[in-house]
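By convention in this document, chain letters (A, B, ...) are assigned in the order of the sequence lines, proteins followed by strands, and residues within each chain are numbered from 1. Just so it is clear, the values below take in all heavy atoms, side chains as well, and ignore hydrogens, waters and symmetry mates.
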Amino acid sequence: MSKGFDDIPFFDEEPAPRKPAPAAGGIAARAMAARDKAKRPDYLSGLNPEQTEAVETLEGPVLVLAGAGTGKTRVLTTRIAHILSTGRAFPSQILAVTFTNKAAREMKERIGVLVGHAVEGMPWLGTFHSIGVKLLRRHAELVGLRSDFTILDTDDVVRLIKQLIQAEGLDDKRWPAKQFAGMIDTWKNKGLDPSQIPEGDARAFANGKGRELYAAYQNRLLTLNACDFGDLLLHPIRMFRANPDVLREYHDKFRYILVDEYQDTNTAQYMWLRLLAQRPRAKTEAKAAAPGEARASRSWPDDVSSAPAERSRASGDSVSANHRAEARRGQAAVAPDGAPPRSEPRSGDSVSANRHQQINICCVGDDDQSIYGWRGAEVDNILRFEKDFPGAKVIKLERNYRSTEHILGAAAHLIAHNEGRLGKTLFTERTNPDDEKVHVHAAWDSEEEARAIGEEIEQLQRQKHNLNDIAILVRASFQMREFEDRFVTLGLNYRVIGGPRFYERLEIRDAMAYFRLVCQPADDLAFERIVNTPKRGLGDTTVRTLHDYARARDIPMFAAASDIIETDELKPKARKALFDVVTDFRRWQTLLETTPHTELAEQILDESGYTAMWQADKSAEAPGRLENLRELIRSMEAFESLRGFLEHVALVMDAEQNEDMDAVSIMTLHSAKGLEFDTVFLPGWEEGLFPHQRALDEGGRAGLEEERRLAYVGITRAKRRCHIWFVSNRRIHGLWQSTMPSRFLDELPIDHVEVAEQDVSYGGYGRGGYGQSRFDKADPFENSYQTPGWKRAQQHRSEATRDNWGTRSGHAVERIGYGESGPRTRMIEGELVAKSTTSEPSRFNIGDRVFHLKFGNGNIAAIEGNKLTIDFDRAGQKRVLDGFVERV
DNA sequence: CCTGAGAAGTTTTTT
DNA sequence: ACTTCTCAGG
């Protein structure tokens, strides 16, 4: 069943260990064992009792609930080091899954540091997806693929779906491919085949053809010998269910399973994990080989036994080639610290003993940091761990090593407003009277917010703080721009983390399509992408002809092209052009084996005319694109072959950043998870933005709680200083809106919060010809809240909220001036923003003399709904919302 | 084939 | 309000 197991060249198992093993029971081994007993290994020192327990509880299921900053990664890596150095397993017998490549990389590095060089990497440490790819490359034929299948990214997927929608004769305007791609993704996150999707979902798209379309999509992928990201999880699941013998090999193989960020697992990942982590019960196993078995496990997870039970017998029949190979290596193996790998099979006898070995799963996570519900993560997975794995040991890590007590106190009080938590309380023993409280600041608008934060950062810079220790964490990426603009004018270094990816750029994707087609002539998506890029006179008509020709014969388009140029089906001009393309690719394909890949890549881009195309392009971005192409070639150097590079890009999609520069980090709260900074700025704490209106609309109470967890994540990123900001006016989609401070501000504990009073250094805001700013006044926070817009916001709120939330009111921000409105309800869909677009007749008349806080006095020149055009005495003509001016 | 007008969509993001 | 993409018409 698992043929091809050993002859796929892409991945090597661990290299053979170097040192010979001391004879079992020999003097040296006994001495070492004694030494191990007497002396705790270095890597265990410095762990607190809970961490130690999490590291040393190696048998049975373990759930580690690790609050923010409690040493989660340290526990994981130390646990692995412990398993390895006590010889309980080889690196290749440990399955360790993370969500991001970054986390996987970090873990590898840290394990390397702990155990030294003796461990040459861990072949099964990686993201769910990269491990999925590895499994699939080995067993591709079991799910109807070839092992050289391509991995499609979202862009490819959307284009493919668009083709399918058109092929169905549907209007691709009415039924956007992108939307359907999203639906498929959601289904796949839940582990659903086309046959399993809810009827409602199936009907919701394409005149009820949702299900057919999904099925057609899956078929097309198989024809293309391709996978989307979801398939990287689902195919292995299918494969394991249909082939219990293959699954058994992996049960035997993986003694220890570790999962990072368990709160982020979606249903598919959960299914995947349970398949690998739970051996079937003895009873089930007896009929495991029966064909019906795969079917029987369909309704899983509900009917699967929860206990990772031991097997009743060793069925010596299926020790795989791989397993034997591993056992062979075991003969000569030495664990990193020199101790013999005790439980490694050394004889036929211990091989069968091994078959009784239980699989030890350890999941690490924090329910309070679950912020990916919107993309299918199921917090529930972590909440029901004990049910899934009876007898599980649950260890809470609550001792925080990162933040001051004020920061922790603020975060804890905030998150306590969530229900349905497992309930942890972080604490720290480091208290220092000098520690700053969490600061809450108000600003007039987002521009001022950016300016003030910019100044504060310059202040820190003058105090010799590293910019690298400072971060601005925003809720939505559009907030970043204002900071970037400001920092550019200030000349302050910054780096934006996240954002558009290198490998998603047009020119990079084009170049990659060339490379893909060279390596993989059946890659139709790549073919279509570049067949006429640069322009070769192979327009729609030619491509359609090719497409039809290929479909009719069920061959790839490249093959169709090769055929069709032998016929006279095309016009001479197109035929010649196509002939050239085909000959080019054939030539490059032959060079693949002989020419160094970077050289070949360059050659491809040059000879295809792709480079020339951008050189001829006179647009502003052309030079940048050329630079990116050079960068692409450069980044290939680190890889052995074009194929290896393609694989890496498909999975990683990320190019690393320049870490050398001292710069402020700007990123979203989501991408900040797992990071820490001395000083953290959290701008934009306003209703509607944070919590985000859409999260509330679509997620209801759960949505609100997830937003609150996001706030929690934000605050807990800070080690020493945390500055929260909100503004009264923000431009959203071009419209200025008055905003209300976030309800999360009310949920901060007054004891740990300090509301910023007037700060001399802010005195300059709003001057520069605009007349008076709020900050020019004695109480900077008082007057802004007396504007009509503000008052209206107040009114809206008190109407909407007057009642029942007796818990507490927001004294934290009381001094800012809106505390008098009293307790608020915990409304989810309240009137959150004083809507500036009303259709009521204006309160103003043309010619009225008015005052605006920012622009000063002026006369109304025109009225358009609630928008006023005003000739200001000092600031000139401006359009403003009527909420922001007062008659004088 | 190129260009410009019009439409649509603007939470969070990995793989 | 702004950007980005699509498509129609030159």
J.: What does the list of N/O pairs under 3.5 Å between the protein and nucleotides 1-7 of chain B look like, with a distance for each?
T.:
none

J.: Scan residues 263-273 of chain A for pairs that pass salt bridge (charged side-chain N to carboxylate O under 4.0 Å, His left out), counting only residues two or more places apart or in two chains.
T.: A/Asp264-A/Lys673
J.: Take the angle between the ring planes of A/His648 and A/Phe639 and call it parallel below 30°, perpendicular above 60°, tilted in between.
T.: tilted
J.: Holding to ring pair (Phe, Tyr, Trp, His ring centres under 6.0 Å), I want the full list of residues that pass it with A/Trp175, two or more places apart in sequence or in another chain.
T.: A/Phe205
J.: What one-letter contact string describes nucleotides 9-15 of chain B from 5' to 3', where B marks a base within less than 4.0 Å of any protein heavy atom, S marks contact via sugar-phosphate atoms alone, and - marks no contact?
T.: --BBBBB
J.: A/Glu484: what forms a salt bridge (Lys or Arg N to Asp or Glu O under 4.0 Å) with it, not counting sequence neighbours?
T.: none
J.: State which residues pass ring pair (Phe, Tyr, Trp, His ring centres under 6.0 Å) with A/Phe690; sequence neighbours excluded, sorted by chain then number.
T.: A/Trp685, A/Phe744
J.: State which residues pass side chain to side chain contact (heavy atoms under 4.5 Å, CB included) with A/Thr73; sequence neighbours excluded, sorted by chain then number.
T.: A/Thr77, A/Glu106, A/Arg110
J.: At under 4.0 Å between heavy atoms, which parts of nucleotides 5-10 of chain C does protein reach? Answer with one letter per nucleotide, 5' to 3': B base, S sugar-phosphate only, - none.
T.: -SS---
J.: Kindly write out the residues that satisfy ring pair (Phe, Tyr, Trp, His ring centres under 6.0 Å) with A/Tyr372, not counting sequence neighbours, or none if the list is empty.
T.: A/Trp374, A/His670
J.: I'd like to check the ring pair (Phe, Tyr, Trp, His ring centres under 6.0 Å) partners of A/Phe128; sequence neighbours left out, ordered by chain and number.
T.: A/Phe99, A/Trp272
J.: Go through the structure and list residues passing salt bridge (Lys or Arg N to Asp or Glu O under 4.0 Å) with A/Asp172, not counting sequence neighbours.
T.: A/Lys162
J.: Report all side-chain donor-acceptor pairs from residues 375-382 of chain A shorter than 3.5 Å, counting only partners two or more places apart or in another chain.
T.:
residue, atom, partner, partner atom, Å
A/Asp380, OD2, A/Arg384, NH1, 3.2
A/Asn381, ND2, A/Thr265, O, 3.1
A/Asn381, ND2, A/Thr265, OG1, 3.0

J.: What distance, rounded to whole Å, do you find between the two P atoms, one in C/dT4 and one in B/dT11?
T.: 15 Å
